[in-house]
Amino acid sequence: MKKAILIAAMMLAGTSAFAMDMKDGDVMMKDGKMMRMEGSKAMPMDKEMTMSDGSKVMMDGTVMKKDGTKMMMKDGDSMMKDGKMMGKDGMMKK
């Protein structure tokens, strides 16, 4: 019951439930700003990051995949440090 209340509160606050599972090195677009997880805290990104799959994430939310594909992260999107993308709904993105 407590978990359901927490998830509902996070969704009302504009943060999806899967954000609870974010780990050190993951990044997320939040309110138009790129944030990186450091320990259990979200900190503003202060430099470009390269994920373990070779994807590069810029401070403006632009992602350049290793294959040259370019995309822009939207509010609520996140990327795990292994390069897997998740939408704000918690579903994997390609």
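Quantities reported herein were computed from a predicted structural model and do not represent experimental measurements. Sequence positions, counted from 1, serve as the residue numbers for this chain.
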Can you measure from NZ (Lys88) to NZ (Lys74) and round to the nearest 0.5 angstrom? 9.5 Å
Could you tell me whether the side chain of Asp60 reaches within less than 4.5 Å of the side chain of Met34, counting heavy atoms only? no
Common cluster, Met51/Met59, ILVMFWY with side-chain heavy-atom separation under 4.5 Å: yes
Closest non-hydrogen atom pair between Thr62 and Met72, with its separation: OG1-SD, 3.5 Å
Nearest-0.5 Å distance that lies between atom CG in Asp75 and atom NZ in Lys30: 7.0 Å
Do Met71 and Val57 share a hydrophobic cluster (ILVMFWY, side-chain heavy atoms under 4.5 Å, transitive)? yes
How far apart are the C-alpha atoms of Met80 and Met86, what are their side-chain angles, what is the distance that settles it, and do they pass the side chain to side chain contact (heavy atoms under 4.5 Å, CB included) test? CA-CA 8 Å; Met80 307 303 129; Met86 306 264 301; 3.7 Å; yes
Got a donor-acceptor contact below 3.5 angstrom from the Asp82 side chain to the Ser52 backbone? no
Might you work through the side chain to side chain contact (heavy atoms under 4.5 Å, CB included) test for Asp26 and Met79, ending with a clear yes or no? CA-CA 6 Å; Asp26 296 347; Met79 180 178 266; over 6 Å; no
Quick check on the hydrophobic clustering: are Met29 and Met49 connected, directly or via other members, by side-chain heavy-atom contacts under 4.5 Å? yes
Met22 CE to Lys81 NZ distance, which is reported to the nearest 0.5 Å: 11.0 Å
Would Met64 and Met73 show up in the same hydrophobic cluster when neighbours are defined by side-chain heavy atoms closer than 4.5 Å? no
Could you tabulate the donor-acceptor pairs under 3.5 Å formed by side-chain atoms of residues 35-45, not counting sequence neighbours?
unit_1 : atom_1 : unit_2 : atom_2 : d
Arg36  : NH1    : Glu38  : OE1    : 2.3
Arg36  : NH2    : Glu38  : OE1    : 3.1

